[in-house]
Every structure is written in structure tokens, then in C-alpha cells.
Amino acid sequence: MIHTLPDTFEAAPDCLQGKNILVTGAGDGIGRAAALTYARHGATVVLLGKTVEKLEAVYDEIEASGGPQPAIYPLHLNGAVFKDYEDLRDTLEKEFGALHGLLHNASVLGERKAIGQTSVDSWNEVMQVNVNAQFMLTRSLLPIMDIPDTASVIFTSSSVGRTGRAYWGAYAVSKFATEGLVQVLADELANTSNIRVNSLNPGATNTAMRRAAYPGESPDTNPMPEEIMPLYLYLMSDASREQTGLQWNAQNT
Ligand code: NAP
């Protein structure tokens with residue numbers, strides 16, 4: 001069953017006050033919008049991504065709008081090894097003590113080809129960034145997410161991670177793996193932890209990734225990342241503290 005934003009939810013301006021939230025791929029697209037939105041609602045945001053200039057631009061935007069001072073953590077998810085994630089955890093623990101939210105957002109599209117034509121290098125890169133990095137990041141951060149009385153992990157899925165489609169290759173398979181990780185982790189944590197885990201499909205959104213996947217489509221066919229933020233806020237705020245192991249869609253269509 002697919003869930004959508006409850007009609008009754010309205011994000012209070014300070015609904016993320018006092019929360020420390022890490023966003024991957026925070027420099028562009030949906031991750032950028034999520035980082036800005038979370039900061040606007042009071043969160044201290046850790047901006048993780050691979051292009052430092054993009055992260056700095058988001059940092060500056062948050063500072064200029066008077067949000068809590070964010071932090072930048074440059075990391076190439078395709079090259080990072082587990083020690084890098086442990087170092088990140090140690091840094092966050094030292095700087096912030098605990099983490100209340102983790103948005104797994106960064107992904108790569110890889111080659112849009114038939115499985116029979118997909119290069120092994122492209123397959124491996126997609127699996128490394130979209131699956132292995134998420135596992136390593138989650139595994140290293142769970143201890144500092146278990147400290148607060150409630151914490152939220154959001155994994156970003158896709159419609160091709162729920163029903164397979166020709167020529168979506170490693171990307172689709174990586175999103176199926178993401179759905180699997182959500183189900184296994186949510187089941188493990190349901191009775192042992194205050195950490196909730198959900199899968200969020202943003203739906204078609206006007207970003208660089210969407211434009212690369214559909215070069216013939218007029219970009220303004222789709223909503224901008226800012227328009228799909230209500231569900232991102234709901235799943236990160238305490239309003240969703242009872243929700244775990246579920247699949248969510250940010251758009252109704
Ligand atoms: P995007 O515009 O391409 O942004 C992706 C972000 O991930 C960028 O900030 C990028 O950093 C970062 N990233 C990519 N590879 C990385 C790496 N190796 N290490 C660190 N960061 C890396 O994509 P988007 O459309 O916002 O997508 C966000 C999420 O939504 C993805 O999980 C995607 O699968 C999902 N999604 C999107 C749509 C859609 O229509 N847009 C639909 C369904 C699902 P740089 O900018 O520095 O490269």
C-alpha cells in the first residue's frame with residue numbers, strides 16, 4: 001500500500017527546531033530543496049555531497065535567511081569506504097551529540113540501457129552510490145540516531161523501484177534494493193529503537209536527473225522540488241513518529 005501526506009498535516013514553522021538532520025546530495029535538485037526547507041523549519045542541517053561549491057551555495061542561502069548555522073561535509077559516495085562513514089559519525093557526535101534525521105537523497109541514474117547492454121562499470125557505480133553507500137552511512141549513523149527519543153531515516157525510492165520497467169537498468173534495481181533495505185531495517189528497529197524508517201518516492205520532479213532521463217520532455221511539465229516538500233517535512237517531523245516501514249508518494253499522480 002502506498003501512503004501520501006495526511007490531509008490534516010500542516011508544518012508548524014518551528015516543527016524541526018532543535019533537530020540535527022543530515023541530507024545527502026544536498027547541493028542540487030530535491031536534496032537542495034529539502035536542506036533549505038528543513039533549515040527554514042528550525043533544523044541544523046548537515047549538507048553532504050560531492051560538489052563543494054554547490055554545498056557552499058546552499059550553506060550561504062541558509063545563513064542569509066537566518067536559519068541555524070548548517071555544516072558542510074563533502075563526500076564522494078562512489079569512492080567512500082566504511083572508515084569514511086565512521087569518521088563522519090565521529091565528527092557528528094563530537095559536534096552535535098546526536099542525529100535526529102537522515103535523508104538518503106543522493107543517487108545516480110547510470111546508463112539507461114537494456115540489461116544486456118549495460119556496462120559493468122556503470123552497474124557497479126550505481127550500486128555503490130545508490131545502495132552500498134546508503135547501507136554504510138546508515139550502519140555508521142544508527143548509534144547516534146538512537147540517542148534522541150525519536151529519529152527518522154528517509155530513503156528515496158522511485159516508481160521504477162516499485163514496478164520494474166525496461167531500460168531503467170541498474171537504477172531501477174538499486175531502488176528495489178532500497179525498498180528492501182527499508183523493509184528489513186524498519187522491521188529490525190520497530191521494537192528495539194525509536195528510529196523510524198520509510199521509503200519516499202518523490203515522483204517526476206524538475207531536476208537535472210529528470211531532465212537527463214527525459215531529454216524530450218518539457219521541464220515545466222513537472223513540479224519544482226520546492227513543491228513536493230510537504231511530505232519531506234511530515235516524515236522528518238514528530239508528526240510521523242508512529243510511521244515506519246511504509247512506502248510514501250510525494251505526489252498523487
Ligand atoms: P539530481 O538533481 O541529479 O541531484 C542528485 C544529487 O546527488 C546532487 O546533489 C549530486 O551532487 C548528488 N550526488 C550524485 N552522486 C553523488 C556522489 N557520488 N556522491 C555524493 N553526492 C552525489 O537528482 P534529483 O532529481 O534531485 O534526485 C534526488 C533523489 O530523488 C534521487 O534519489 C533520485 O533517484 C530520486 N528521484 C527523483 C525523481 C525526479 O523526477 N527528479 C523521480 C524519482 C526519484 P552533485 O550535484 O554534486 O553532482
Side-chain angles (χ1 to χ4, degrees), residues 2 22-37 45-59 61 72-81 84-85 88 102-110 112 121-122 124-138 153-163 165 168-179 181-182 198-215 217-229 231-232 235 247-253:
I2 305 292
L22 187 148
V23 177
T24 71
D28 209 343
I30 295 168
R32 172 182 172 278
L36 293 170
T37 302
V45 184
V46 181
L47 309 166
L48 187 149
K50 75 171 161 34
T51 309
V52 175
E53 301 78 53
K54 291 186 183 181
L55 301 175
E56 285 173 347
V58 178
Y59 181 104
E61 215 174 312
I72 288 180
Y73 205 94
L75 195 66
H76 282 245
L77 297 177
N78 47 347
V81 296
D84 297 315
Y85 295 96
L88 166 61
L102 169 58
L103 172 61
H104 288 288
N105 164 81
S107 277
V108 288
L109 195 55
R112 292 278 320 283
D121 283 350
S122 174
N124 286 341
E125 188 204 356
V126 172
M127 291 302 163
Q128 189 63 21
V129 174
N130 297 9
V131 182
N132 299 344
Q134 293 192 129
F135 158 68
M136 290 188 279
L137 183 58
T138 307
V153 185
I154 303 173
F155 287 86
T156 307
S157 187
S158 166
S159 54
V160 295
R162 293 176 178 168
T163 307
R165 206 183 302 159
W168 280 85
Y171 177 82
V173 176
S174 77
K175 295 298 186 180
F176 270 89
T178 296
E179 296 283 358
L181 181 52
V182 168
N198 289 283
S199 140
L200 191 169
N201 171 18
T205 309
N206 186 355
T207 67
M209 182 184 287
R210 176 75 191 187
R211 294 190 290 275
Y214 292 88
E217 179 183 75
S218 169
D220 55 18
T221 311
N222 301 310
M224 295 301 290
E226 294 70 26
E227 297 173 62
I228 61 165
M229 286 300 118
L231 183 63
Y232 283 77
L235 288 176
Q247 294 179 315
W248 298 83
N249 276 1
Q251 301 183 48
N252 288 319
T253 50

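Start at 1 and go down the list; that is how both ligands and their atoms are numbered.
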Specify the protein heavy atom at minimum distance from atom 5 (C) of ligand 1: its residue, its atom name, and the distance to 0.1 Å. Ser107 O, 4.2 Å

Measure Leu48 to ligand 1 on non-hydrogen atoms and call it side chain, backbone, both or neither using the 4.0 Å cut-off. neither

Applying a heavy-atom cut-off of 4.0 Å, say which part of Ile30 lies close to ligand 1: side chain, backbone, both or neither. both

Picking from Gln247, Glu179, His104, what satisfies side-chain hydrogen bond (donor to acceptor under 3.5 Å, both in side chains) with Ser157? Glu179

Using a strict 4.0 Å cut-off to heavy atoms of Val129, name the atoms of ligand 1 that fall inside it. 18 (N)

Do any nitrogen or oxygen atoms of His76 come within less than 3.5 Å of a nitrogen or oxygen of ligand 1? no

Any heavy atom of Asn105 under 4.0 Å from ligand 1? The part involved is both

Answer yes if a protein heavy atom lies under 4.0 Å from atom 10 (C) of ligand 1, otherwise answer no. no

Check each of Val23, Asn78, Asn222 against atom 18 (N) of ligand 1 and report the one with the nearest heavy atom. Asn78

Atom 34 (O) of ligand 1: closest protein heavy atom, distance to 0.1 Å, is Tyr171 OH, 2.5 Å

Could you list the atoms of ligand 1 found under 4.0 angstrom from a heavy atom of Gly203? 38 (C), 39 (C), 40 (O), 42 (C)

Considering the heavy atoms of Thr156, write down every atom of ligand 1 situated less than 4.0 Å from one of them. 29 (C), 30 (O), 32 (O), 35 (C)

Before signing off on this row, confirm whether Gly25 and ligand 1 have an N or O atom pair separated by under 3.5 Å. yes

min-distance protein heavy atom vs atom 36 (N) of ligand 1 -> Pro202 CG, 3.5 Å

Under 4.0 Å, heavy atoms only, figure out whether ligand 1 is touched by the backbone of Lys50, its side chain, both or neither. both

Ranked by distance from atom 41 (N) of ligand 1, the top protein heavy atom is Thr207 OG1, 3.0 Å

Just let me know how His104 lines up against ligand 1, side chain, backbone, both or neither, with a heavy-atom cut-off below 4.0 Å. neither

Atom pair CZ/CG of Phe155 and Leu235 - distance to nearest 0.5 Å: 13.0 Å

Please work out whether any backbone atom (N, CA, C, O) or any side-chain heavy atom from C-beta onward of Lys54 is under 4.0 Å from ligand 1, and answer side chain, backbone, both or neither. side chain

Leu75 neighbourhood, listing ligand 1 atoms whose heavy-atom distance to it stays under 4.0 Å: 19 (N), 20 (C)

Honestly, for Ala106 the part within reach of ligand 1 (heavy atoms, under 4.0 Å) is both

Of the listed options Arg210, Met209, Gln251, closest to atom 1 (P) of ligand 1 (non-hydrogen atoms): Met209

Suppose I only count heavy atoms of Ala204 and a 4.0 Å limit; which atoms of ligand 1 are within that range? 40 (O)

Counting from 1, what ligand 1 atoms have a heavy atom of Gly29 closer than 4.0 Å? 2 (O), 26 (O)

Ala133 contact mode with ligand 1 (heavy-atom cut-off under 4.0 Å): neither

